[in-house]
Amino acid sequence: MPFSLTPNKNQMPREFNQSQWTPALERDLQRLLEIAVSEDTETVGDLTSLALIPSGLSGVAEVRARENGVLAGSPAVPLILKAVDENLHWEPALKDGTVLTPDSLVGTLAGPVRTLLTAERLVLNLLGKLSGIASLTRRYVEAVQGTRARIYDTRKTTLGWRKLEKYAVRCGGGQNHRAGLYDAILIKDNHLAFGRVGGGHFSPAEAIKQARQFAVGIESGPIIEIEVDTLEQLEEVLPGQPDIVLLDNMTPEMLRLAVTLRDRLGPGVELEASGGINLSTVRAVAEAGVDRVSVGALTHSAIALDLGLDWNESPGEAHLV
């Protein structure tokens, strides 16, 4: 159905595309793995394993959690192993999104010991990074439980890792904001400031109008969001009925006033709080009544979850082939 220039206030709020484990995500991962494997092996290989491990030895090892968290990235492990050695195998023990406790078995690796050791750090790095994002996201989601607010990520992601990191946010129970600049219209302060620098006056309301006219020519029509940092700007843009208004760096008191203003002038518009929000402040932000809270820290400040690899000690698990 073509995008309407005038939104229907009775429609459900529009939503950004939400990440899943897809072929497109796997293609990004495969490109990253070309670099990652080369970083470790170049054209020489794993010198330590070549020096110490017999070429015909195979074994079984377990990946286990060392701390509490949330799992993300298990479907990536077979791709990592294939990039190192097609004779390596992965048997997952848990699904992504599962809560981990110390010593939780994440999965089992099996195959030639030399190349299993080559793949070890690649597997732990990826699982640790993505599980760290999922774990931090879960903490934010739990912090706003009981409010109407939903937790969103941002584009503050590691270069080349965006699909993976946004997938990890979903594993932690968060929501994905736009996937990229192609995925939505988000009118920010610098878009408006350029008009002023250029000698003209490009008001937020005028920007919404122009964006809507542009969006008519795009199939299905992108979400239109605009950033404001004052209540006066919010009052100006609400009659234009953007899908979302981003409230930048507002205090909880200002956010409550913004919600009241929205309810009066644009009840179909969703409000997103953003800017400097952390675990100690997110609850107060959510209790102000906003619909969305976007947090760059989910991806740019998450600490990797501590995971480890240990050899399976069952008799006969290591043998010559």
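- Contacts classified as salt bridge (charged side-chain N to carboxylate O under 4.0 Å, His left out) and involving residues 50-60 (residues at least two apart or in different chains) are not found.
- Grouping Ile, Leu, Val, Met, Phe, Trp and Tyr residues whose side-chain heavy atoms lie under 4.5 Å apart, directly or via other members, leaves L159 alone, with no other cluster members.
- Of all the heavy atoms in G276 and T281, the pair that sits closest is O-OG1, 4.3 Å.
- One finds a salt bridge joining R66 and D310 here, because a Lys/Arg side-chain nitrogen approaches an Asp/Glu carboxylate oxygen to under 4.0 Å.
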Give the table of side-chain donor-acceptor pairs shorter than 3.5 Å for residues 249-259, with sequence neighbours excluded, one pair per line with atom names and distance.
from: T251; atom 1: OG1; to: E253; atom 2: OE1; distance (Å): 3.4
from: T251; atom 1: OG1; to: M254; atom 2: N; distance (Å): 3.2

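- Inter-residue side-chain proximity for L33 and L79 is flagged as met; some heavy-atom pair is nearer than 4.5 Å.
- Within the model, atoms CG of D248 and OG1 of T230 stand 11.0 Å from one another, a figure rounded to the nearest 0.5 Å.
- Contact check for Y140 versus V293: no side-chain heavy atoms found under the 4.5 Å cut-off.
- Residues Q210 and E206 are not in side-chain contact: their nearest non-hydrogen atoms beyond the backbone lie 4.5 Å or more apart.
- The backbone N or O of A179 lies less than 3.5 Å from a partner atom in the side chain of R162, making a donor-acceptor pair.
- Side chain of E227 to main chain of D189: a donor-acceptor pair is present (N/O by atom type, distance under 3.5 Å, no hydrogens or angles).
- Side-chain atoms of R14 come within 3.5 Å of backbone N or O of P222 as a donor-acceptor pair.
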Should D263 and T260 be marked as a side-chain contact (heavy atoms from CB on, under 4.5 Å) after you check the CA-CA gap, both sets of side-chain angles, and the distance that decides it? CA-CA 5 Å; D263 292 346; T260 300; 5.7 Å; no
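- Note: the hydrophobic cluster containing L246 does not contain L192 (ILVMFWY, side chain heavy atoms under 4.5 Å, direct or indirect links).
- Here T98 pairs with nothing under the side chain to side chain donor-acceptor pair (under 3.5 Å) rule; sequence neighbours left out.
- Checked against side chain to side chain donor-acceptor pair (under 3.5 Å), T48 has no partners two or more places apart in sequence or in another chain.
- Counting only heavy atoms from C-beta outward, the side chains of S49 and V113 never approach each other to under 4.5 Å.
- Looking at T147 and R283, their side chains come closer than 4.5 Å, going by heavy atoms from C-beta outward.
- Looking at every heavy atom in both residues, N68 comes nearest to P102 through OD1-CD, 3.0 Å.
- Judged purely by distance below 3.5 Å, without hydrogens or angles, the side chains of T115 and T118 never pair a donor atom with an acceptor atom.
- Put simply, the side chain of D291 does not reach to within 4.5 Å of the side chain of Y152, judged on heavy atoms.
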Between Q241 and V269, does the side-chain contact (heavy atoms from CB on, under 4.5 Å) criterion hold? Intermediate values first, please. CA-CA 6 Å; Q241 290 291 308; V269 178; 3.8 Å; yes
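- Residue pairs meeting the salt bridge (charged side-chain N to carboxylate O under 4.0 Å, His left out) criterion with at least one partner in residues 91-120, sequence neighbours excluded, are R64-D103.
- Looking at R121 and D46, no side-chain N of the basic residue comes within less than 4.0 Å of a carboxylate O on the acidic one, giving no salt bridge.
- Put simply, the residue from R170, R292, R178, K166 that forms a salt bridge (charged side-chain N to carboxylate O under 4.0 Å, His left out) with D153 is K166.
- What you find for V144 and A286 is that their closest heavy atoms are CG1-CB, 3.7 Å.
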Can you give the donor-acceptor pairs under 3.5 Å from side chains of residues 296-308 to other protein atoms, not counting sequence neighbours?
from: T299; atom 1: OG1; to: K156; atom 2: O; distance (Å): 2.6
from: T299; atom 1: OG1; to: G296; atom 2: O; distance (Å): 3.4
from: H300; atom 1: NE2; to: A297; atom 2: N; distance (Å): 3.4

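- Between the T101 side chain and the S104 main chain, no donor and acceptor come within less than 3.5 Å of each other.
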Chi angles and distances behind the side-chain contact (heavy atoms from CB on, under 4.5 Å) call for L271, L234: CA-CA 10 Å; L271 296 181; L234 176 62; 4.2 Å; yes
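- Residues that satisfy the side chain to side chain donor-acceptor pair (under 3.5 Å) test with S74, not counting sequence neighbours, are W90.
- Ion pairing of R148 with E270 is absent here, as no side-chain N (NZ or NE/NH1/NH2) approaches a carboxylate O to less than 4.0 Å.
- Remark: S280 pairs with N278 by the side chain to side chain donor-acceptor pair (under 3.5 Å) rule, at least two apart or across chains.
- Crowding of E67 atom CD: a count of heavy atoms from other residues, nucleotides or ligands under 6.0 Å exceeding 12.
- Within the 4.5 Å cutoff, no side-chain heavy atoms of L116 are placed close to those of D85.
- In this structure, S294 and T154 approach most closely via the heavy-atom pair CB-CG2, 4.1 Å.
- Counting only residues at least two apart or in different chains, ring pair (Phe, Tyr, Trp, His ring centres under 6.0 Å) contacts with residues 13-71 comprise F16-H177, W21-Y167.
- Chaining together hydrophobic side chains whose heavy atoms lie under 4.5 Å apart places L47 alongside V44.
- I277 is not connected to L186 by any chain of hydrophobic side-chain contacts under 4.5 Å among Ile, Leu, Val, Met, Phe, Trp and Tyr, and they are in different clusters.
- Between K82 and P78, every side-chain heavy-atom pair lies at or beyond the 4.5 Å cut-off.
- For the pair D243 (side chain) and I224 (backbone), a donor-acceptor distance under 3.5 Å is present.
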Atom pairs and distances, donor-acceptor, side-chain atoms in residues 128-136, under 3.5 Å, two or more places apart:
from: K129; atom 1: NZ; to: T158; atom 2: OG1; distance (Å): 3.3
from: K129; atom 1: NZ; to: E165; atom 2: OE2; distance (Å): 3.3
from: S131; atom 1: OG; to: A72; atom 2: N; distance (Å): 3.0
from: S131; atom 1: OG; to: A72; atom 2: O; distance (Å): 3.2
from: S131; atom 1: OG; to: L127; atom 2: O; distance (Å): 2.7
from: S135; atom 1: OG; to: V70; atom 2: N; distance (Å): 2.8
from: S135; atom 1: OG; to: S131; atom 2: O; distance (Å): 2.6

Walk me through whether L164 and D28 qualify under side-chain contact (heavy atoms from CB on, under 4.5 Å). CA-CA 8 Å; L164 287 162; D28 280 5; 5.8 Å; no
